[in-house]
Amino acid sequence: MSKVIAICNQKGGVGKTVTTVNLGIGLARQGKRVLLVDVDAQGSLTASLGYQHPDQLEETLSTVLGKVIEDKPLLPGEGIIHHEEGVDLLPANIDLAAMEVTLVNIMSRETILREYLNTVRDQYDVILLDCCPSLGMLTINALSAADTLIIPMMAHYLSLKGMEQLMRTIGKVKRQINPNLTISGILVTMADMRTTYSQEIVELLRNSYGSQLKIFDTIIPRSIRAAETSAEGKSIFLHDPSGKVSAAYEALTLEVAS
């Protein structure tokens, strides 16, 4: 059975998608069978892996969730696309926004994604869920389905303040839906550790949460190279193999795999 990891933070622009892509492909480079699931109606993960027009895709996460809700049989590999860098992708598009509205009004609404993933778990070693920047029903489904989560966080004061709300939501999910959910750690992203400000935020993070949670040793540096990968449809390992971001994601991959 695979390990399901949610990449989650209700704040946008903290590097969730870039982390999902590069951690997933990093694990695939180690020989792991990896499925990436786009749990965001904006389709950022889908676009970042080269599908720049996700709304033209006929089968997506919304399609398979709809079949689970209606008790319709799923075909093997339905909706899943293979990426050239060795990972599989279950894409998403704007249809997922309508699916989130549908989920609110059905039985077992928090566990539909978990029910779907249970049909494919034995085919993968790792499943990564790229969550949307909110704490709505899709994110609750992701937390319900996950074994553990990684929380990307920018080295900014407001990002640190937003952690309080996220931790309350995680606690509620653990109490009511998924008691086995754990937190793998907090990942500092887009940091310029040459500045006193970033250093102070990281120190404040460690002082605030270090006794309760793992703070990954790896810090993802700020770099335009990471942003460029989304337009290229490839990982940082292909786009800038000798760069500092590539080295950081390789180090993160080793931390997560250990």
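Quick note: numbers below take in every heavy atom, side chains included, and nothing from hydrogens, waters or symmetry partners.
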Excluding sequence neighbours, so at least two apart, what forms salt bridge (Lys or Arg N to Asp or Glu O under 4.0 Å) with Glu200?
none
Going by the rule salt bridge (Lys or Arg N to Asp or Glu O under 4.0 Å), which residues pair with Lys67 if we only count those two or more places apart in sequence or in a different chain?
Glu78
[X] and [Y]: side chain donor to acceptor below 3.5 Å:
| X | Y | result |
| --- | --- | --- |
| Gln10 | Ser134 | no |
| Asp38 | Thr46 | yes |
| Thr17 | Ser44 | no |

Cut-off 3.5 Å, no hydrogens considered: what does the side-chain donor-acceptor table look like for residues 245-258, sequence neighbours left out?
from, atom 1, to, atom 2, distance (Å)
Ser246, OG, Pro241, O, 3.3
Tyr249, OH, Thr19, OG1, 2.9
Thr253, OG1, Tyr249, O, 2.8
Glu255, OE1, Lys214, NZ, 3.4
Glu255, OE1, Asp217, N, 3.2
Glu255, OE2, Asp217, N, 3.3
Glu255, OE2, Thr218, N, 2.8
Glu255, OE2, Thr218, OG1, 2.6
Ser258, OG, Leu254, O, 3.4
Ser258, OG, Glu255, O, 2.8

Check ion pair Asp240-Lys234 (N to O, under 4.0 angstrom)
no
Can you list the other members of the hydrophobic cluster that holds Leu238, where links are side-chain heavy atoms under 4.5 angstrom apart?
none
Do Val14 and Leu36 share a hydrophobic cluster, counting only Ile, Leu, Val, Met, Phe, Trp and Tyr and linking them when any side-chain heavy atoms are less than 4.5 Å apart?
no
Within a 6.0 Å radius of atom CD on Glu203, are there more than 12 heavy atoms belonging to other residues, nucleotides or ligands?
no
Does atom CD of Glu58 have more than 12 heavy-atom neighbours, drawn from other residues, nucleotides or ligands, at distances under 6.0 Å?
no
State which residues pass side chain to side chain contact (heavy atoms under 4.5 Å, CB included) with Ala146; sequence neighbours excluded, sorted by chain then number.
Val4, Ala6, Leu181
Output all residues satisfying side chain to side chain contact (heavy atoms under 4.5 Å, CB included) with Gln199, sequence neighbours left out; order by chain, then residue number.
Met193
Nearest-0.5 Å distance, CE of residue Met99 to OG1 of residue Thr60
8.5 Å
Evaluate salt bridge (Lys or Arg N to Asp or Glu O under 4.0 Å) for Arg33 paired with Asp125, printing each intermediate quantity in order.
CA-CA 5 Å; Arg33 300 170 300 164; Asp125 299 309; 3.2 Å; yes
